[in-house]
Amino acid sequence: RAFFLLYALVPFLPRMIQPFSLAALVGLRNAFESVWQIGYQSLMADVFPKNELNEILGKRSKYNNILTIGATFVLGTYLTLYEKLPISSIGLFQILFIFTLAIGTWEIYQYSRFKFEPAPPVQGESFGKKLMTALKEAKNYPMYCRYCATVIVFYLGWQMAWPLYNMYQLNVLNANAAWMGYFNIASQVTQVLTIGLWVKLSKKIGSN
């Protein structure tokens with residue numbers, strides 16, 4: 001969460017290194033975010049009963065998307081204020097990053113209030129040995145190997161395409177921050193309307 005404060009400090013760096021610094025910070029934050037995602041899933045598995053976890057996470061996604069729709073609408077309008085007020089768009093982002101840091105700190109405090117018995121850590125081989133063992137045994141699970149390869153290709157293609165969508169929306173459609181928010185809202189509304197369906201299907205036909 002502290003990376004948002006670092007984002008806000010980037011404009012104070014020499015102009016030549018600002019783009020590289022921001023890109024490096026975003027990349028580093030994503031590395032920590034990946035670890036957080038694993039920790040979050042582990043925490044949820046300890047806090048809630050496993051037989052209710054699918055439904056709970058489905059509801060969490062649904063309500064999270066509803067809140068995201070509202071936040072996106074507000075943010076899209078907020079980021080256009082530089083067109084009406086004597087403040088730069090960079091200044092608006094700096095205020096937003098500091099506000100996000102405050103919200104993130106409150107979020108961490110809320111997680112710390114969970115009362116539960118955590119699963120004891122598993123003692124065993126080091127990560128390096130486990131990884132080598134898994135790689136050696138991978139040939140015995142060709143379907144899983146194909147799945148991993150497919151996931152890698154999918155995520156590379158999916159994530160690498162996002163900047164193209166943003167460039168098209170900005171350069172061809174001449175979309176401003178508000179319009180970018182509307183595009184995201186359309187996506188979030190679709191998720192809100194369908195998330196319950198995926199939970200029901202998972203219960204009916206199983207995860208596979």
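What you are looking at is a predicted structure, and each value in this text was computed from that prediction instead of being measured.
Both F32 and V26 belong to a common hydrophobic cluster when Ile, Leu, Val, Met, Phe, Trp and Tyr are linked at side-chain heavy-atom distances under 4.5 angstrom. Residues L75 and I87 share a hydrophobic cluster, clusters being chains of Ile/Leu/Val/Met/Phe/Trp/Tyr side chains in contact below 4.5 Å. Hydrophobic clustering of Ile, Leu, Val, Met, Phe, Trp and Tyr side chains at less than 4.5 Å, counting indirect connections, unites I66 with L193. Hydrophobic clustering of Ile, Leu, Val, Met, Phe, Trp and Tyr side chains at less than 4.5 Å, counting indirect connections, unites L28 with Y7.
Counting only heavy atoms from C-beta outward, the side chains of L57 and F48 never approach each other to under 4.5 Å. Side-chain contact check for K200 versus K203: every heavy-atom pair is 4.5 Å or farther apart. Side-chain contact between I95 and Y78 is present, with at least one heavy-atom pair separated by less than 4.5 Å. In this structure the side chain of Y111 reaches within 4.5 angstrom of the side chain of Y40, judged on heavy atoms. Inter-residue side-chain proximity for L79 and F93 is flagged as met; some heavy-atom pair is nearer than 4.5 Å.
Looking only at distances, a side-chain donor or acceptor of T105 sits under 3.5 Å from a matching main-chain atom of L101. Distance alone, capped at 3.5 Å, places no donor-acceptor pair between the S42 side chain and the G39 backbone. Of the possible donor and acceptor atoms, none in the side chain of S187 sits under 3.5 Å from a partner among the backbone N and O of F183.
The CD1 atom of I56 lies 12.0 Å from the OG atom of S61; values are rounded to the nearest 0.5 Å. In this structure, CD1 on I185 lies 10.5 Å from CH2 on W179, to the nearest 0.5 angstrom. With rounding to the nearest 0.5 Å, the separation of CG in N30 from CG in L25 is 11.0 Å.
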Under 3.5 Å, which donor-acceptor pairs link side chains of residues 127-147 to any protein atom two or more places apart or in another chain?
{"from": "T133", "atom 1": "OG1", "to": "K129", "atom 2": "O", "distance (Å)": "2.9"}
{"from": "K139", "atom 1": "NZ", "to": "K136", "atom 2": "O", "distance (Å)": "2.9"}

Under 3.5 Å, sequence neighbours excluded: what are the donor-acceptor pairs made by side chains of residues 162-173?
{"from": "N171", "atom 1": "ND2", "to": "M167", "atom 2": "O", "distance (Å)": "3.4"}

Query - Criterion salt bridge (charged side-chain N to carboxylate O under 4.0 Å, His left out) on E33 and R1, from CA distance to verdict - result: CA-CA 9 Å; E33 186 79 9; R1 299 300 180 262; 3.8 Å; yes

Report task. Evaluate the criterion side chain to side chain contact (heavy atoms under 4.5 Å, CB included) for residue pair L6 and F97; output intermediate values, then yes/no. Result -> CA-CA 9 Å; L6 297 179; F97 288 144; over 6 Å; no

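Minimum interatomic distance between M44 and L53 (heavy atoms only, all atoms of both residues): O-CD1, 3.6 Å.
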